[in-house]
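Structure, as structure tokens:
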Amino acid sequence: MARNHLILSILLLFSALTASESDQYFSKKISPSSLGLKKEKLTHLHFYFHDIVTAKNPTAVEVAEAAMTNTSSTHFGAVLVMDDPLTVSPDVNSKMVGRAQGIYASASQSEIGFLMVLNFAFMEGKFNGSNLSVLGRNAIFSGVREMPIVGGSGVFRFSRGYAQAKTHTIDLQTNNAVVEYNVYVFHH
Ligand SMILES: *[C@@H]1O[C@H](CO)[C@@H](O)[C@H](O)[C@H]1NC(C)=O
Ligand SMILES: *[C@@H]1O[C@H](CO)[C@@H](O)[C@H](O)[C@H]1NC(C)=O
Ligand SMILES: *[C@@H]1O[C@H](CO)[C@@H](O)[C@H](O)[C@H]1NC(C)=O
């Protein structure tokens, strides 16, 4: 009897241990193939970004500013939210490949320099439904601005890279701008 008890106790303890190992774990090593990851590739994306501030239907709107923002030559403290179309050519009516959704804030007191925090939400070809996240500094009157790609989703899981932005046209009356983007991204 006592022996049977001992065996039963050992069996229970063993199953409790194996259950805790299989059902509850905080971390374990896995292989990249278990997530279906293929060899890393490098992709170049090219598109035009339309930041329409002044229009009946603007794509970027100011949501906040400091009391002193209107006295600052760099509009320091202004925060805008954008949902800007991304198209294949500088013409806003050309084929749309995605949207740039996020925030930019005037964060420099010596030049117009924005903190950019945004997602590119793509809607074209194999990138449809995948997103890239950008976090960078954008001094809009410099030639080419470079901003890091800090990650992504969908086909862009585990991605990293950089985006180069170059102003194509800017209307200083309306502040509406068309910006050419070249994005270089590693992904699987
Ligand atoms: C700036 O805006 C404040 C309100 O936030 C207002 O009181 C002030 O007169 C404005 N200053 C200028 C120079 O427009
Ligand atoms: C992108 O995906 C959405 C939803 O899956 C679909 O409705 C749309 O037609 C697709 N667009 C393109 C250009 O493939
Ligand atoms: C990408 O962002 C869109 C919203 O723009 C979202 O619906 C979609 O689920 C995101 N894609 C992935 C793969 O997370």
Side-chain angles (χ1 to χ4, degrees), residues 30-55 57-136 138 147-163 165 172-175 178-188:
I30 60 169
S31 67
S33 62
S34 70
L35 290 180
L37 294 179
K38 300 189 191 81
K39 200 170 164 287
E40 196 172 49
K41 325 178 237 304
L42 180 61
T43 294
H44 175 197
L45 300 164
H46 177 245
F47 50 80
Y48 292 83
F49 163 108
H50 302 268
D51 196 50
I52 307 164
V53 183
T54 311
N57 295 306
T59 63
V61 290
E62 186 170 323
V63 294
E65 64 174 43
M68 55 70 70
T69 295
N70 60 3
T71 66
S72 161
S73 62
T74 63
H75 224 59
F76 181 62
V79 179
L80 286 92
V81 173
M82 76 186 114
D83 181 4
D84 285 350
L86 307 173
T87 61
V88 289
S89 90
D91 177 358
V92 71
N93 296 312
S94 63
K95 186 189 179 79
M96 186 161 73
V97 294
R99 306 193 71 91
Q101 299 174 330
I103 294 173
Y104 58 95
S106 180
S108 168
Q109 291 184 285
S110 56
E111 64 180 326
I112 300 197
F114 292 128
L115 162 70
M116 309 285 288
V117 185
L118 65 100
N119 294 307
F120 288 133
F122 294 102
M123 43 192 68
E124 178 56 25
K126 66 173 173 174
F127 303 113
N128 187 9
S130 295
N131 306 305
L132 279 177
S133 300
V134 178
L135 174 63
N138 188 4
M147 292 171 269
I149 303 290
V150 296
S153 64
V155 299
F156 291 126
R157 282 176 179 174
F158 288 111
S159 70
R160 62 208 152 81
Y162 59 95
L172 295 173
Q173 244 68 57
T174 61
N175 288 327
V178 180
V179 182
E180 181 181 9
Y181 269 82
N182 281 290
V183 175
Y184 300 92
V185 62
F186 274 118
H187 60 100
H188 290 273

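What you see is a predicted model; the values in this text were computed from it and never measured. One-based numbering, in listed order, for ligands and for the atoms of each. All residue numbers refer to positions in the sequence shown, counting from 1.
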Is the F156-F127 ring centre distance short of 6.0 angstrom? yes
Passes side chain to side chain donor-acceptor pair (under 3.5 Å), D91 versus Y48? Steps please. CA-CA 8 Å; D91 177 358; Y48 292 83; over 6 Å; no
For N70, take its heavy atoms, then give the atoms of ligand 1 lying under 4.0 Å from any of them. 1 (C), 2 (O), 3 (C), 8 (C), 10 (C), 11 (N), 12 (C), 14 (O)
Name all residues meeting the salt bridge (Lys or Arg N to Asp or Glu O under 4.0 Å) criterion together with R160; count only those two or more places apart in sequence or in a different chain, and write none if there are none. E40
Can you say whether the rings of H44 and Y184 are parallel (under 30°), tilted (30 to 60°) or perpendicular (over 60°)? parallel
For N119, is there any backbone N or O sitting under 3.5 Å from a side-chain donor or acceptor partner on S133? no
Tell me which residues fall inside the under-4.0 Å heavy-atom shell around ligand 3. Q101, A121, G129, N131, S153, G154
T54 side chain vs T174 backbone, donor-acceptor pair below 3.5 Å: yes
Flag T71 as yes when one of its N or O atoms lies below 3.5 Å from any N or O atom of ligand 1, and as no otherwise. no
From CA spacing to verdict: ring pair (Phe, Tyr, Trp, His ring centres under 6.0 Å), F186, F158: CA-CA 8 Å; F186 274 118; F158 288 111; over 10 Å; no
